Enquirer: 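Here it is, the structure in full.
The sequence lines fix the lettering, A, B, ..., with proteins before strands; numbering per chain opens at 1. Model, not experiment: these values are computed from the prediction.
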4 protein chains.
Amino acid sequence: MASNQFGTHFSVTSFGESHGKHIGVVIDGCPSNIVIDEAHLQQELSRRRPGQSEVTTSRSEQDIFEITSGVFNGKTTGAPIAILIPNKDARSKDYSELEDIYRPSHADFTYKKKYGHRDFKGGGRSSARITAGWVAAGALAKQILATHFDIEISAYVSQIHSIKCPKSIDYSANAIEDSLVRCPDDTSSRKMIEAINAAKEEGDSLGGIVSCVIKNCPIGVGDPVFRKLNAQLAHGQFSINAVKGFQIGSGFSSIVQKGSELNDEWTYDDGNYTTKTNNSGGIQGGISNGMPITFDTAFKPTSTISKEQTTTNNQGDLVDLKMQGRHDPCVVPRAVPIVEAMAALTLIDFLIHRCP
Amino acid sequence: MASNQFGTHFSVTSFGESHGKHIGVVIDGCPSNIVIDEAHLQQELSRRRPGQSEVTTSRSEQDIFEITSGVFNGKTTGAPIAILIPNKDARSKDYSELEDIYRPSHADFTYKKKYGHRDFKGGGRSSARITAGWVAAGALAKQILATHFDIEISAYVSQIHSIKCPKSIDYSANAIEDSLVRCPDDTSSRKMIEAINAAKEEGDSLGGIVSCVIKNCPIGVGDPVFRKLNAQLAHGQFSINAVKGFQIGSGFSSIVQKGSELNDEWTYDDGNYTTKTNNSGGIQGGISNGMPITFDTAFKPTSTISKEQTTTNNQGDLVDLKMQGRHDPCVVPRAVPIVEAMAALTLIDFLIHRCP
Amino acid sequence: MASNQFGTHFSVTSFGESHGKHIGVVIDGCPSNIVIDEAHLQQELSRRRPGQSEVTTSRSEQDIFEITSGVFNGKTTGAPIAILIPNKDARSKDYSELEDIYRPSHADFTYKKKYGHRDFKGGGRSSARITAGWVAAGALAKQILATHFDIEISAYVSQIHSIKCPKSIDYSANAIEDSLVRCPDDTSSRKMIEAINAAKEEGDSLGGIVSCVIKNCPIGVGDPVFRKLNAQLAHGQFSINAVKGFQIGSGFSSIVQKGSELNDEWTYDDGNYTTKTNNSGGIQGGISNGMPITFDTAFKPTSTISKEQTTTNNQGDLVDLKMQGRHDPCVVPRAVPIVEAMAALTLIDFLIHRCP
Amino acid sequence: MASNQFGTHFSVTSFGESHGKHIGVVIDGCPSNIVIDEAHLQQELSRRRPGQSEVTTSRSEQDIFEITSGVFNGKTTGAPIAILIPNKDARSKDYSELEDIYRPSHADFTYKKKYGHRDFKGGGRSSARITAGWVAAGALAKQILATHFDIEISAYVSQIHSIKCPKSIDYSANAIEDSLVRCPDDTSSRKMIEAINAAKEEGDSLGGIVSCVIKNCPIGVGDPVFRKLNAQLAHGQFSINAVKGFQIGSGFSSIVQKGSELNDEWTYDDGNYTTKTNNSGGIQGGISNGMPITFDTAFKPTSTISKEQTTTNNQGDLVDLKMQGRHDPCVVPRAVPIVEAMAALTLIDFLIHRCP
């Protein structure tokens, strides 16, 4: 399978590099006659774009997209949809001194060894900048999921470093977006911003958790045994840069509970089956059960820090490294729309054939 | 993509049900001229088989396999390899009273709603019994990985309920297998066995963590951006029944560290690049970096318990449920070879084309 | 992609060899709640089975199938369906002297060079015997296409050597089956039988054409640009042993016509669009247009002949070869159900997601 | 599977429409460290471009390509390669009167019915203009096949209407390119040009055959049983617009020969196995045997003609149609590089993993 492609039915092919002409995606399998909500698509890109706030990198990209294929007279035609997002504010010279260096916990070493040479400018293809294309494709997926299936996908930051906010499936999109760090709990949000600013000042970086809630997913999504919904969600989330862990429903905390405590008993009321608890996170046997789907994605602290580190170059020499380029002290707030986008692309691949 | 198939190049198609004639797999893409190590294959099946010890279910299956295609004169021919494992000790009557009941945290409800009817005998296709086929295919994968690439895959139980054993990449296969619960640390092992027996007596069940270590994986395995090695590993692990979480390297614990603490700095010695720490778990940018690959898979407590629960049936009636069938009070020890098998099937899909 | 698998949505995995325990297929993607018409399935296998008449090989196989997975209480469950067909009348000793010989126009040389060794008994995996599995899967596909979409697929022999029968889309299934050679035109049928018997006496073999007609295919089947219906049909037909050519609609004869002669003009009557002629064979731009789909598949004369030939062995020595085993003097009549099966498997892959 | 994607390992995603901003392809799976031969790539595009001679359409496109991803410092990086080809000379007004008309033997009706609306300008996505992208990708494939495997792929026009040229595997590339119609036999070439010009004057169109020869293909390419080399070649060729038939080696003419006449007997000389004849067209059992691979692709006469035709529009009204736009009186000469490109893309998908 093409390794730059996600999805079998609503299939997204990604291309482009951080400092190339543009970032792009081709979406194959989108039904015809859909009026793309361009304002929504632009808004999603803006949620992800660099330079959006004081807690993000200062690289300034507006990420104004262009659609060059697959739309005619304002509607999709069933042909592949190409979306291009230009790179405007690349400063490649910031990276020239990194050409030979294997930065700690970056992909420099592995790309070099796998491919023999590498596009070191802005991280090239290993940069999280390429997720702009995924967010564009995910925005279209979210639009279709909302319109045709009433599905809502909403993620928020539930933890930065050791600061946790209460978990809930009921945070509003507004409350999330009103926070610079996309944490809908005011107190936690303030502490998180402080922590990030403190880390920034130290030249250090922080990680965290993005929690995602999917509401109104129809019952029956997911195919046993190797295309389970949870497995596909995990696959999509682990495609995102800096992800270290993924858990569904009660996740790792399930371990310290017994079966009798954790099991979700069924109840029936007025034609609807629901479970009293939702430790299953909405998925049983790899198939959605109608309850909200909940999962968490863990991000490590940004590998790029300005604090001094000692590593080696491709000659095996020790080098002292203090990175000067623009970078995020914490990628987690900007990861929120990416988490949603990959969740949307995962879901739509199961549902697209049910669209008229 | 076929949903009962894992892998693109070394492709495993799974079929069969818990109480059917047999469990089967077809392996497509195995090179020719390989002498299958049948003793090894049988041994792996025995590590997984029910009835192997006091802490497992008492269903007694020897799981003696038969190969009916793809081998000629003792060697693989390049044709698809079919492996069949008979079901001998199915007691379907144990399940007849469950026909209409939606057991808590089982796949009864979702299978019923997705497929309209379901094979309720022994869980049918949703039973973990079908992983016997995966273990058979994984055994062949492990053999090829060991022979051609010197790769070792070894998993152990690092946690049952709240009992944790120290994590290490150096536990021996013998130490692991000598423990009934596959926990190589004696003290922890004893406590885990006690805990499982206590839960069993209460009619309850326990979950835990299987930790896996892959040694000698060549540098360069994994394809950005949607076929990252970590994403494929996650996908494989989440295919296993009862899995709730997956993490790579330092995983969720990365969050409470800063970049300067977590980053893996490179060193060079005598022609080899290694990292001082291995928080990356051997994978950077989705590509193996030559360090040991380490990951953890979290299993919930078995959903089947004999303690009374209150749930509903397909008429919406409340039912009091006390399950009498044979079942594991804790699946984690038997999950060890399954975790290894799925890791092996994940890895070999990247490496098989390098075999002569 | 797995090379022993056909179809993405209704996916058929083939395994087994000519002289192994059984021939098998696993069908993944079949909807649940279908009552498999076992009599129909057996009948299709009987149309393909060896020993069915004087013009076929005398190997005697009843091809009684067994379903071991995917069916519960008489109905499909949505799980993979495994179908096994035993080999009962293999005479492997007939083949022992062929072990080292590269038979002319067989796959002996290519299998040997590709795989290093080969299962020479009855042709092993390169034998047309493995199409028994395809016919079983195709029978299920035909059943679903007929039941859910009213689609009829019917093929007949339109040419053996230089004897042609008039082409028509209106031959009845009975007329076809009443002929030993599956040629519905009496005069041609008689001549064909004579020709085959004459070739048999000479120890020689004949080829021919199977013409296939698909009626009631809904408009809109086929996906531009690399999953065109005609391309998928061609792919399926070329998977059949001994196929040398494939053409759609007016095919190769289109060349000697001008555009003004060949173009299919549209007419409209009573709510229906039809074309005055059907040189397009029911497909335009890779998509079905509602007219009957017509195509031809050309089969070479059987490579196995008893006439003496001079070829080489794997030592490079010249050998005089007179093959004594049982073989068909002309495979074309038995190819008819295989052509239909591959057409059915091709079509259903586009349509299966429209089944309830 | 994505329907605008060809190839699993060297995977080409196609996008763009005839009158859109550009035609594009994304190539995923190309090895790193390849210096793309841009002159060769441009030359292949020029062989396909419209307006190249008096026998082609007068639409004037230079088809100057741009690479926007996957190349760094002049070499491929292993990242997806995006190639864009602008549309410069689209005259959409020529098509405005065709908006509602179902042109005979075009894809107007099927696109309209499948997608609900269609991009009628220049044929939109159903136009052969999109093959420009395939030719660009194919040029890269040809370069790699030539450089790494010494494989030569060369096609020529062997028939236009009833004018046939002698078939041979030894025509030089120069002799082919020196002919306006890419027929290397002088006498035939002249007659073909006359015939095309005569048809053009009548407002009519002609079809023909492109014959392709692949030399130096290694033994062992092609995977039984559903990924046979001949089946994949057929699939690729049938993806090309206007193709009606495909045959391998002796093809349809095999039928009138007996087994004893057609069989390719093996000989051995000086370490090499060859067959005395090559009716197999270099492929046996779906696997290349080291002999030249030969196949023929049949093209119908262009559906677009200026002669009056009577067809219907989307209201069911009869309309008299005389098409005025620019079009080819015979697409076969321009199809030669497309046939080669699809053959190259087919072959490289089997071989790319053998590149260093």
Enquirer: Please flag which part of F299(B) lies under 4.5 Å from any non-hydrogen atom of chain A: side chain, backbone, both or neither.
Expert: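 For F299(B), the contact with chain A is made by the backbone alone.
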Enquirer: Do the two ring centres, one from Y273(B) and one from Y268(B), sit under 6.0 Å apart?
Expert: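 Aromatic pair counts; centres sit under 6.0 Å.
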Enquirer: Relative to the ring of F226(A), is the ring of F6(B) parallel (under 30°), tilted (30 to 60°) or perpendicular (over 60°)?
Expert: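 Rings of F6(B) and F226(A): tilted, as their planes differ by 30° to 60°.
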Enquirer: Answer with side chain, backbone, both or neither: which region of Q237(B) has an atom nearer than 4.5 Å to a non-hydrogen atom of chain A?
Expert: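 The answer is neither part of Q237(B).
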Enquirer: Under 6.0 Å from the six-membered ring centre of F350(A) and within 45° of its axis: does the NZ or CZ of R227(A) meet both?
Expert: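 Geometry flag: set, cation within 6.0 Å and 45°.
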Enquirer: Relative to chain A, which segment of D269(B) carries a heavy atom at a distance below 4.5 Å: side chain, backbone, both, or neither?
Expert: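 Neither; nothing under 4.5 Å.
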Enquirer: For the ring pair F120(A) and Y111(A), is the centre-to-centre distance below 6.0 Å?
Expert: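 Not under 6.0 Å, so no.
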Enquirer: If I measure from the heavy atoms of chain A, does L262(B) come under 4.5 Å with its side chain, its backbone, both, or neither?
Expert: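 Both parts, heavy atoms under 4.5 Å.
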Enquirer: Heavy-atom distances under 4.5 Å only: say whether T275(B) touches chain A with side chain, backbone, both or neither.
Expert: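 No part of T275(B) comes within 4.5 Å of chain A.
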Enquirer: Using a 4.5 Å heavy-atom cutoff, which residues in residues 123-134 of chain A come close to chain B?
Expert: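 Within residues 123-134 of chain A, near chain B: R125(A), I130(A), W134(A).
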Enquirer: Tell me, side chain or backbone of D108(B) under 4.5 Å from chain A's heavy atoms, or both, or neither?
Expert: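 For D108(B), no heavy atom lies under 4.5 Å from chain A.
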Enquirer: Quick one: what part of K228(B) sits under 4.5 Å from any heavy atom of chain A, side chain, backbone, both or neither?
Expert: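 Contact with chain A: side chain only.
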